[in-house]
Number of protein chains: 2
Amino acid sequence: MNIKISEQEELLFLLKTLSNQLGPKFERSTNLSLSRFELLYQLIQYSEISQSNLQKIVNIDHAAITRHLKQLESDGLVSRRRNPADNRETIVQLTEEGYKQIMSCQKDKLSFANQMFQQFSDVELQSLMVMLKRIQENIK
Amino acid sequence: MNIKISEQEELLFLLKTLSNQLGPKFERSTNLSLSRFELLYQLIQYSEISQSNLQKIVNIDHAAITRHLKQLESDGLVSRRRNPADNRETIVQLTEEGYKQIMSCQKDKLSFANQMFQQFSDVELQSLMVMLKRIQENIK
DNA sequence: GCTCAATGATTGATAGCTCAAATAATCAAT
DNA sequence: ATTGATTATTTGAGCTATCAATCATTGAGC
């Protein structure tokens with residue numbers, strides 16, 4: 001029992017530590033923070049999307065979304081406008097420049113990910129993903 | 001190839017998101033942030049330890065360690081003193097109060113961890129741990 | 001039409017983290 | 001003994017994240 005608990009505890013710490021180390025390293029590799037990368041990346045798929053829908057996809061707090069997008073807008077990477085059909089919503093879209101930027105990061109991101117998951121088999125990646133998603137469900 | 005990359009990407013995002021969600025939830029359950037919990041928890045094992053050694057164990061930036069310990073000291077949970085044998089070092093130790101506090105969190109932490117790893121077998125926990133450690137190595 | 005609840009976005013407060021630079025003490029080698 | 005490199009801690013700057021509160025808009029029910 002005691003051993004099992006320690007293991008859980010260690011995993012808890014490890015998850016946090018790993019993520020703390022991951023962020024800065026990713027940013028140094030790609031010149032884009034992980035969150036901003038994710039936002040831009042999602043905007044490639046959905047050519048237009050409201051902030052609140054974007055928020056549901058990336059699972060970051062509303063407030064953080066607003067701040068990121070405002071900054072990305074002033075950097076010229078996305079455009080934002082009110083939805084005429086529902087003035088509460090803000091619709092976000094990649095600009096030409098934003099598209100170029102995210103595309104030019106792809107190579108760096110790829111090599112970062114390759115290093116990160118060096119010697120992981122597809123089966124392992126899959127199983128890791130499933131476990132992390134289970135944890136996410138468990139703490140909801 | 002393309003599929004595999006997406007999977008890596010998703011894992012990257014998932015790790016960050018999970019950790020972002022984990023911290024606040026842990027804190028709400030235990031009234032102690034995950035980092036501070038970890039610091040106090042380590043101090044149970046090593047009755048006395050220098051800040052730099054503690055830093056190596058918990059893998060948080062020096063600066064953050066200093067700030068946490070200063071706050072914990074002013075909360076009366078740890079005591080700090082210079083090492084007479086080497087005046088560069090600060091030696092940290094749990095106080096009576098700190099010991100009581102960390103012990104009273106144990107139950108909450110345990111139930112949090114149990115919920116988080118609900119329906120995980122020992123084998124799964126083990127494999128998860130190994131994979132996360134491998135990632136940590138890979139990005140060093 | 002009007003009120004009231006809901007939804008979406010924003011802002012303010014607070015806290016965590018990293019990195020880089022500064023300070024202070026120790027130690028090694030001349 | 002002095003200089004110079006190393007080690008430990010601290011402080012400052014800059015991000016990102018959460019939570020709570022606020023504001024505007026929409027929509028449902030009377």
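Reminder, nothing fancy here: chain letters follow the sequence lines and each chain counts from 1.
OP1 or OP2 of D/dA17 sits under 4.0 Å from a side-chain N or O of A/His68. Here B/Arg80 reaches the OP1 or OP2 of D/dT10: one of its side-chain N or O atoms lies under 4.0 Å away.
Nucleic acid contact class of B/Ile60 (heavy atoms, under 4.0 Å, all strands): sugar-phosphate only. Here A/Asp61 lies in heavy-atom contact (under 4.0 Å) with a base.
Judged by distance alone, the side chain of B/Asn83 and the main-chain N or O of B/Thr90 form no donor-acceptor pair under 3.5 Å.
Contacts between chain B and DNA chain C, taken as any atom within less than 4.0 angstrom of a protein heavy atom, begin and end at C/dG16 to C/dT26.
B/Gln136 and A/Gln21 share a donor-acceptor pair across their side chains, judged by distance under 3.5 Å alone.
Distances were taken from every side-chain heavy atom of B/Thr66 (C-beta onward) to each of D/dT7, D/dT25, D/dT10; the shortest belongs to D/dT10.
A salt bridge links B/Lys140 with B/Glu137: at least one charged nitrogen is closer than 4.0 Å to a carboxylate oxygen. In summary, B/Glu48 and B/Arg81 engage in a salt bridge, as defined by a charged side-chain N under 4.0 Å from a carboxylate O.
For residues 16-29 of chain B, proximity to DNA chain C is found at no residue, defined as any non-hydrogen atom under 4.0 angstrom from a strand atom.
Note: CG (A/Asn59) to C1' (D/dT16) measures 16 Å, nearest angstrom. In this structure, A/His62 places its NE2 atom 18 Å from P of D/dC23, rounding to the nearest Å.
If you take CZ on B/Arg134 and CE on A/Met116, they are separated by 12.0 Å, rounding to the nearest 0.5 Å.
Across the interface with DNA chain C, nearest-nucleotide mapping of B/Ala64 and A/Asn53 shows A/Asn53 to be the residue nearer the 5′ end.
Screening A/Asp108, A/Leu110, A/Ile102 for a side chain to side chain contact (heavy atoms under 4.5 Å, CB included) involving A/Gln106 leaves a single residue, A/Ile102.
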